[in-house]
Amino acid sequence: MIAPACFADASCRRNTMSRYNAAEAEPKWRRVWDEMNAFKAERDPAKPKYYVLEMFPYPSGRIHMGHVRNYAMGDVIARYKRAQGFNVLHPMGWDAFGMPAENAAMERGSHPATWTYDNIAAMREQLKMMGLSLDWSREFATCDPEYYAQQQAMFLDMYKAGLVYRKSSTVNWDPVDMTVLANEQVIDGKGWRSGAPVERRELTQWFFRISDMAGELLEAIDGLTAWPEKVRLMQRNWIGKSRGLQFAFEVLDAPAGHEKLEVYTTRPDTLLGASFAAIAADHPLAGALAGDNAELSDFIARCRRMGTSEEELEKAEKIGFDTGLRVRHPFDPDWTLPVYVANFILMDYGTGAIFGCPAHDQRDLDFARKYGLPVTDVYCAQGSDERVGDEAYVPLKSEPVRYLLPLAGEEIMSGDQGVDAAIARCEAEGVGEGVINYRLRDWGVSRQRYWGCPIPIIHCDSCGPVPVLREQLPVKLPEDVTFDKPGNPLDRHPTWGHVACPDCGGAARRETDTMDTFADSSWYYARFTNPHAETPTDPDDVAYWMNVDQYIGGVEHAILHLLYSRFWARAMHLTGHLPKSAIEPFDALFTQGMVCHETYRASDGRWLTPAEVSDKDGAKIETATGAPVNIGPSVKMSKSKKNVVDPEHIIAEYGADTARWFMLSDSPPERDVEWTAAGAEAAARHLQRVWRLADEIADQRSATESNATADDTLRRVTHKVIDGVTQDIDGFAFNKAVARLYELTNAIAKSGDASATARREAIAALAQLMAPMTPHLAEEIWARLGEATPLVASGWPKADPALLVEDLIRLPVQVNGKKRGEIEVAKDAAKDDIESAALADASVIRAIGGATPRKVIVVPGRIVNVVI
RNA sequence: GCCCGGGUGGUGGAAUGGUAGACACGGCAGACUCAAAAUCUGCUGCUCUUGCGAGCGUGCGAGUUCGAGUCUCGCCCCGGGCACCA
């Protein structure tokens, strides 16, 4: 038989080009890793450990591109550290309690547990398709009784340690559905289902004493040097330390028990500019006055018809109600101020009462103008006599100003100095005292919902709240519940709540509040170190594995989740569940950006998914109708705008490696990334190109015409890329690492005249360097090169320092800061030699145009600047 | 409203105060092909110029510096968080 001519003809080899089949190779390598138990983490004191953790997902039902990005990044770190010889812990679990399961139960009658565990099963399969180097043997869900049993045990330990207490606080109340609403369920002040205006209602709820740790949590931020600066700053601002004065106004003709009105101010230096006092609608004094004042109780009711979120309170129009009551100014017995109830005073902050100085606070000024109150300037800018008009004068506290009405201190001083002087005088005269205050409030953990961790307390009419006995934990959620009625199913369950008091044995009722899901996610990182221990943690395991060396997640968790975790770790230490060394559980933090996509709308305004849209003649059309499509801006992928791409489809079409590679390319990890179909295709094409090169080189026996220069060039690139990628991964610059890997690929493609040895070294290094990002393809290449041991068990390449240094370097030459030429000099050339070489360059001479250089700046290895 | 980020070619982005645009996408041209796809090679910030080259250019406006995308001040626009979404 005559072979087709094509086989003999080199140019025809392209027609028989080898293709990498991801659909075949990816499951194969995942089986190999599974059989090797490659990612199972075991304690081994002989090896350095590395704990890498990505924020665990909420089991919504399907993974989305944000998950792909988050877990691709974590997997790069995990595989990279493993290659470097670390004993890596890289676990996965589920943040499985929360409202969506109850919503699903209401909408389609599924039980929250069924819905949740079904979702987990589906998402686990999807995550497995990504080829992540996870230790699945440690998997758990926070809704597993085994997990929340330990959370209840810790709650009781913390209760005993005085870290938990009950107090009254406000919730959003839907008066029609008779249920508590989350902030996101309040839309324009109305309940999302009923449409009824929400009310603020007082409930007795459970709280963690996080505010007692405010100072400690603030100071410890200084030690979190491997956290993003912006997160540290956001946490500092959230804790909000302030120094101020707390003092009491004397109330004239006060209702009984309210002879003194305690106020807190951070600007006691403006006390002589006070024009009114204001109290929160929830202030006890307001309640006392409302008793015999229908108008005032109406006003208070109006204030309570606002949502509970700070945003809503701040944005609302500032209104007040003159109580008719007056308070005496502490520094002038003849001077009295009116007392208002105002909607912008928070009962939770300070004492729930303030004095207003309109000249130096815009909110107070607006309020004063509205109610015709006096505006008295306390200070003005140095060298200016301008008085406050419609804009309050609010300079930085560090800026020196001229005091017109100083309470104490110099005429010219900064606000900070003025505050210090004012506090000193007030303390000396017994008017009040300087106090440190924090914005941070105690953490309210009570939720009036079913799908959460039950709070293990029993309420007894004679004994009060009593902890559930240890041996009776966990307090399990009852399974026979219905969601056909609004409100908490635990409240109306016929039997679950009725128990005997552990103390007196009398009839008592279970607590029906469950815990905020932030509690569940505040300690899961510690549980991963031994997920089936019969205590919350095992001392040996936490000692070995904690802390998390690298934590990765969305910046949307920058404040609450991370702050609560820092608190809970401290609380676990105080109750004996974590060593002192683990009170800051996350040594390093990385916050990744979101995944965005263009938005598409049909002419009638319908949102269209990218899958419903196709290209025609350079424009986008709706595939089903052929009608043109309006392209909107690229925004975070969301169901409401339908701009979502299903990772499962991408993986089915191109393979997991392509999805991972694309996610890591181009965009810096901390910034948003835009998913484009073109980008995904390009990523797939590149991976094929790498495979073809590997396939070709694997068969290359010797160089066709090897030459030393070609080898040297290729080897220099190879080692420079090894060095660069290593640094880039260490610095979380995956996009830069990818760019370097493209450079190495390009260099290999152009290295046809290099020896087989040099090309093999290069392609092997490329496989090793790509392994953290595209693990399946890297294994396939590694095997194609004839390596017997899987790549997952081989190490990380090392750059040869000798190949990283260049003897000759090119230096740009500027004339008056503009680049005019370039010279080539020895790496260690003397400054004088560089200067004369620069001045001898033809284009530099032309640019100087005969003028005499006034100065020549030589920055060795960087630049030359000739100043004329 | 308050706190925190971000803004660089047609696009995603790169750049210890030192050559702005690495790398990629897209586009253009060429090779291979009957043709197309795939692949390979080259070019590609904008304006002027046949060319050599010149001017302009990192959201806007000032400033510091021999030199600013980078530092300082003042604006504009976009995004995240605001305590019961997770």
Side-chain angles (χ1 to χ4, degrees), chain A residues 11-12 14-15 17 55 57-58 60 95 97-100 171-172 180-186 205 210 228-231 233-234 236-238 240 308-316 318 344 348 362-363 439-449 516-518 521 554-561 563-564 591 593-594 596 633-636 665-668 670-674 676 678-679 681-683 685-686 688-689 692 733 735-736 738-743 746 749 810-822 843 854-857 859 861-868:
Chain A
S11 69
C12 255
R14 293 195 197 108
N15 290 336
M17 275 182 316
M55 289 178 186
Y58 178 80
S60 57
D95 189 12
F97 276 136
M99 284 201 314
V171 294
N172 298 309
V180 176
L181 298 177
N183 282 336
E184 75 157 10
Q185 295 174 319
V186 179
Q205 307 197 77
I210 188 173
E229 197 47 54
K230 66 170 172 180
V231 175
L233 192 55
M234 281 192 269
R236 286 194 183 101
N237 289 338
W238 188 260
T308 57
S309 80
E310 187 172 315
E311 182 189 4
E312 208 171 331
L313 297 175
E314 282 290 323
K315 276 187 176 167
K318 309 297 179 289
F344 58 95
D348 289 318
Q362 191 60 45
R363 207 163 48 179
R439 202 184 79 98
L440 181 66
R441 313 201 290 253
D442 275 337
W443 173 13
V445 286
S446 282
R447 297 292 181 268
Q448 293 72 37
R449 301 185 204 292
D516 179 7
T517 58
F518 273 125
S521 56
V555 71
E556 66 272 21
H557 294 296
I559 296 174
L560 293 181
H561 162 61
L563 191 62
Y564 292 151
T591 53
M594 300 176 306
C596 301
S634 184
V635 296
K636 179 183 178 174
S665 314
D666 288 358
S667 294
E670 67 278 13
R671 293 246 288 267
D672 292 351
V673 65
E674 191 186 348
T676 61
E681 273 163 37
R685 273 205 305 277
H686 176 74
Q688 286 295 345
R689 181 172 180 235
R692 276 195 307 277
N735 56 322
K736 289 197 266 173
V738 167
R740 286 184 209 275
L741 293 169
Y742 272 107
E743 282 178 56
N746 291 340
R810 302 177 77 80
L811 278 188
V813 183
Q814 295 180 334
V815 177
N816 283 349
K818 288 195 172 211
K819 188 200 166 192
R820 298 295 175 177
E822 207 169 51
S843 48
R854 285 197 291 128
K855 196 166 156 192
V856 180
I857 294 151
V859 185
R862 277 289 172 194
I863 204 164
V864 181
N865 192 9
V866 181
V867 186
I868 57 169

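Order of the sequence lines sets the chain letters (A, B, ...), proteins ahead of strands, with each chain counted from 1. Every value quoted in this text rests on a predicted model; they were computed, and no experiment measured them.
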Rounded to whole Å, how long is the line connecting atom [atom1] of [X] with atom [atom2] of [N]?
X	N	atom1	atom2	value
A:E670	B:G80	CD	C1'	14 Å
A:N237	B:C3	CG	P	8 Å
A:D666	B:G9	CG	P	16 Å
A:R685	B:A38	CZ	P	7 Å
A:E310	B:C82	CD	C1'	5 Å
A:L181	B:A83	CG	P	14 Å
A:R862	B:U65	CZ	P	23 Å
A:K315	B:C82	NZ	P	13 Å

Give the nucleotide from the list [options] with an atom nearest to the side chain of [X].
X	options	answer
A:R441	B:A83, B:A24, B:A86	B:A83
A:P100	B:A86, B:C4, B:A22	B:A86
A:N183	B:A86, B:C25, B:A83	B:A83
A:K736	B:A20, B:A15, B:G12	B:A15
A:R439	B:C25, B:G13, B:A83	B:A83
A:A182	B:G1, B:C40, B:C84	B:C84
A:R820	B:G12, B:U19, B:G55	B:G55
A:E311	B:C23, B:C85, B:G1	B:G1
A:K230	B:C4, B:G18, B:C82	B:C4
A:L233	B:C66, B:G5, B:C84	B:G5

With a non-hydrogen cut-off below 4.0 angstrom, is [X] in contact with a base, only sugar-phosphate, or nothing?
X	value
A:V171	base
A:S665	nothing
A:L563	nothing
A:G679	nothing
A:N816	nothing
A:F344	nothing
A:V180	base
A:G444	sugar-phosphate
A:Q185	nothing
A:S60	nothing
A:A558	nothing
A:V867	sugar-phosphate
A:H686	nothing

Measure the shortest side-chain to side-chain distance between A:P812 and A:I863 over non-hydrogen atoms and say whether it is less than 4.5 angstrom. yes

Would you mind reporting whether A:R820 and A:V866 have side-chain heavy atoms less than 4.5 Å apart?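 Not touching, per the 4.5 Å side-chain cut-off.
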
Pick the [atom1] atom in [N] and in [M], then give their distance to the nearest Å.
N	M	atom1	answer
B:U19	B:G57	C1'	15 Å
B:G42	B:G53	C1'	23 Å
B:C78	B:A62	C1'	24 Å
B:U8	B:A14	P	11 Å
B:G45	B:C52	P	14 Å
B:A54	B:G6	C1'	35 Å
B:G9	B:G21	P	14 Å
B:G55	B:A20	P	13 Å

Under 3.5 Å for both donor-acceptor distances, Watson-Crick or wobble: does [N] have a partner, and if so which one?
N	value
B:C56	B:G45
B:A15	none
B:G30	B:C40
B:G61	B:C73
B:G5	B:C78
B:A83	none

Can you say whether the rings of A:H561 and A:F518 are parallel (under 30°), tilted (30 to 60°) or perpendicular (over 60°)?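 The arrangement is parallel - the two ring planes meet at less than 30°.
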
Keeping the roles fixed (side chain from A:D672, backbone from A:G593), state whether a donor-acceptor pair exists under 3.5 Å.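 Pair absent, no side-chain N/O of A:D672 close to backbone of A:G593.
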
Look only at the side chain of A:R447 and the backbone of A:D516, and say whether a donor-acceptor pair between them is shorter than 3.5 Å.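 Absent.
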
For the base of B:C84, is there a side-chain donor-acceptor partner from A:R449 under 3.5 Å away?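 Counting by modelled atom types and ignoring angles, a donor-acceptor contact under 3.5 Å is found here.
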
Side-chain donor or acceptor of A:Q205 under 3.5 Å from a matching atom on the base of B:C84? yes

On RNA chain B, check which nucleotide each of A:D672 and A:M594 is closest to and give me the residue with the more 5' one. A:D672

Start at the 5' end of RNA chain B and walk down; is the nucleotide closest to A:V231 or to A:D95 reached first?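 Its nearest nucleotide lies further toward 5', so the answer is A:V231.
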
Assess whether a salt bridge exists between A:R439 and A:E310, defined as any Lys/Arg side-chain N lying under 4.0 Å from an Asp/Glu carboxylate O. yes

Give the minimum heavy-atom separation between [X] and [Y], together with the two atoms involved.
X	Y	result
A:T517	A:D95	O-OD1, 4.2 Å
A:S843	A:G821	OG-CA, 3.7 Å
A:Q185	A:V180	OE1-O, 4.2 Å

Whether the A:R854 and A:N816 side chains hold a donor-acceptor pair (N or O, under 3.5 Å, no angle test) is what I'd like checked.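 On atom types as modelled, these side chains do not qualify, holding no pair under 3.5 Å.
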
